[in-house]
Q: 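Starting off with a structure, shown below.
Computation of the quantities below employed the complete heavy-atom set of this structure, encompassing side-chain atoms and omitting hydrogens, waters and symmetry-equivalent molecules. One is the number of the first residue; the rest follow in order along the sequence.
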Amino acid sequence: MPAERLPLADDDEMQPRPTWPDAFVTTTEDLRAALVLSGLRGITPRRLIAVAAERGSAAATLAAIRQGRAGSENDRAFARTMDGEEISAVVAACGARIVPWGSAEYPAQLVNIHDPPGVLYVIGRPAPDPTRAVAVVGARRCTQLGRELGASIGRALALAGVVVVSGAARGIDAAAHEGALDGGGTTLAVLGCGIDAVYPAGSRTLVRRIGASGTVLSEYPPGTPPVQRNFPARNRIVAGLCSATVVVEGAKGSGSMISAEHAMEFGRDVYAVPGAVTNPLAEVPLRLIRDGATMIRGAGDLLDDLGLELDAEKVVERLEISEDERRALAELTGPTLPDRVATALGVTIPQAVSLLMRLELRGFVRSVGGRYESTLKAGAASG
């Protein structure tokens with residue numbers, strides 16, 4: 001989808017936005033100050049960045065707030081009582097690390113989004129190259145079909161070597177993360193709370209899995225609760241980290257539209273899975289498609305549009321595929337009936353169907369009119 005500038009509220013917003021100064025964090029004192037600043041909630045990010053642009057460093061910015069020259073009274077009280085060294089100790093205890101603005105690990109793709117975080121708290125790998133990262137977002141209260149599509153898209157992207165980025169929420173977010181993990185790939189979760197306070201609680205196991213093999217990050221210091229206003233803000237990071245955003249289900253006014261709008265504003269591609277016009281969860285995808293987003297029917301369309309292929313040899317190398325599964329894939333040089341697979345493998349037809357269904361659940365084959373065909377690159381499954 002071609003990038004388009006979203007309507008802005010007033011002429012003031014048409015002016016170039018200030019950003020963090022290059023010397024925002026250059027000393028240990030600056031780093032500790034930046035940690036305290038990341039916890040302020042009364043002052044808007046845009047105003048905080050403006051103060052930093054005037055003052056030149058995190059330490060000078062924090063001093064201005066403590067002196068009452070910016071921020072709310074609550075911000076001033078917080079700034080005067082919080083100790084950056086204590087925050088740093090808690091971060092270390094969480095197994096996380098601090099990635100401030102200007103550091104080598106700070107994601108270059110976030111530099112030019114609006115109101116970029118001054119500090120990121122990260123567990124696991126560094127953020128990926130944006131050309132190998134795609135966001136998959138959608139409804140929390142999704143349908144079963146939506147969940148399956150989210151998982152299928154996440155799995156296919158992972159098998160193609162793409163990092164799946166989402167927000168670790170229930171529903172489509174969780175399905176996309178789980179699909180990526182099931183595909184033996186890497187996924188990144190952006191939290192709307194402190195890195196030590198996973199929300200919802202049911203996502204804790206998933207987030208631990210993500211942190212062990214991929215990346216978990218947040219702009220909020222440990223102890224920050226999952227308040228409602230954090231999640232729309234979180235979505236700008238999800239969209240900003242990626243070259244494209246995929247929307248699978250979303251009701252009117254949902255965070256899915258916010259993520260897509262951010263992606264458009266940042267010049268990223270947007271894809272949407274359509275649904276029935278009578279389905280409230282199709283509101284966001286259908287509106288995006290009407291406005292120019294690329295319609296996809298599922299993982300296959302997305303990979304085609306992104307110019308990606310699944311290479312069976314690489315898939316087999318990365319994942320645990322049994323010898324029977326490998327042989328079955330080798331037989332699927334085109335749409336194939338289960339009885340042919342059964343004959344080739346020397347098993348019964350029900351056994352062949354069960355084997356093919358397992359492969360279908362893993363995203364390696366699809367059923368077309370009673371026949372099965374590989375979703376992997378043709379001819380690569382043999383050997």
Q: With a cut-off of 6.0 Å (strictly less than), are more than 12 heavy atoms of other residues, nucleotides or ligands near CG of N112?
A: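 No - once you tally the heavy atoms of other residues, nucleotides and ligands closer than 6.0 Å, there are 12 at most.
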Q: Do the ring planes of W101 and W20 sit parallel (below 30°), tilted (30 to 60°) or perpendicular (above 60°)?
A: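 Correct class here is tilted.
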Q: Could you point out which residue of L181, T187, T186 forms a side chain to side chain contact (heavy atoms under 4.5 Å, CB included) with S213?
A: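 Testing each of L181, T187, T186 against S213, the sole residue satisfying side chain to side chain contact (heavy atoms under 4.5 Å, CB included) is L181.
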Q: Quick one: CD1 on I49 to OG1 on T19, what's the gap to the nearest 0.5 Å?
A: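 Going from the CD1 atom of I49 to the OG1 atom of T19 covers 5.5 Å.
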Q: If two hydrophobic side chains count as joined below 4.5 Å and joins carry through other members, does Y220 share a cluster with F231?
A: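 Hydrophobic grouping puts Y220 apart from F231.
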Q: Find the distance between CG (L37) and OG1 (T61) and round it off to the nearest 0.5 Å.
A: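 Here the interatomic distance stands at 6.0 Å.
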Q: Do V190 and L110 land in one hydrophobic cluster if side-chain heavy atoms of ILVMFWY residues count as linked below 4.5 Å?
A: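 Result: yes, single cluster for both.
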Q: So, for I98 and S88, which heavy atoms are closest and what is the spacing to 0.1 Å?
A: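 Closest heavy-atom pair between I98 and S88: CD1-OG, 3.9 Å.
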Q: Taking all atoms of both residues into account, what is the closest heavy-atom pair of I237 and L217, and its distance?
A: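 For I237 versus L217, the nearest heavy atoms are CG2-CD1, 4.1 Å.
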Q: Indicate the atoms forming the closest heavy-atom contact of D173 with G138, along with that distance.
A: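 Looks like OD1-N, 3.8 Å.
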Q: Answer yes or no: does atom CZ of R41 have more than 12 heavy-atom neighbours from other residues, nucleotides or ligands under 6.0 Å?
A: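 Counting neighbours around CZ of R41, more than 12 heavy atoms of other residues, nucleotides or ligands fall under 6.0 Å, so yes.
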Q: If I compare all heavy atoms of A344 with all of R327, which pair ends up nearest, and what's the gap?
A: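 Scanning both residues completely, I find the closest heavy atoms to be O-NH2, 3.0 Å.
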Q: Looking at V216, L35, T224, which one forms a side chain to side chain contact (heavy atoms under 4.5 Å, CB included) with Y121?
A: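 Checked V216, L35, T224 against Y121; only one passes side chain to side chain contact (heavy atoms under 4.5 Å, CB included): L35.
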Q: Write down the atom of S203, the atom of A168, and the distance for their closest heavy-atom approach.
A: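 So the two residues come closest at OG-O, 3.1 Å.
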Q: More than 12 non-hydrogen atoms from neighbouring residues, nucleotides or ligands closer than 6.0 Å to CZ on R80, yes or no?
A: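 More than 12 within 6.0 Å, yes.
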Q: What pairs with D129 under side chain to side chain donor-acceptor pair (under 3.5 Å), at least two apart in sequence or on another chain?
A: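 Applying side chain to side chain donor-acceptor pair (under 3.5 Å) to D129 gives T131.
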Q: In Å, rounded to the nearest 0.5 Å, how long is the span from CG of D75 to CE of M82?
A: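 Going from CG on D75 over to CE on M82, the span is 12.5 Å.
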Q: Given the rule in the side-chain contact (heavy atoms from CB on, under 4.5 Å) test, do Y106 and V99 qualify, once you have shown the distances and angles that lead to the verdict?
A: CA-CA 6 Å; Y106 193 94; V99 179; 4.1 Å; yes
Q: Once rounded to the nearest 0.5 Å, what's the spacing between atom CG of L191 and atom CG of N230?
A: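 So the gap between those two atoms works out to 10.5 Å.
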Q: Using a strict cut-off of less than 4.0 Å between a Lys/Arg side-chain nitrogen and an Asp/Glu carboxylate oxygen, indicate whether E54 and R69 qualify as a salt bridge.
A: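 Looking at R69 together with E54, the answer is no, because their closest N to O distance does not fall below 4.0 Å.
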Q: Hey, what do you get for CZ (R76) to CD (Q67), rounding to the nearest 0.5 Å?
A: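 If I round to the nearest 0.5 Å, the distance is 11.5 Å.
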Q: CZ/F266 to CD1/I113 distance, rounded to the nearest 0.5 angstrom?
A: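 It is 4.5 Å, given to the nearest 0.5 Å.
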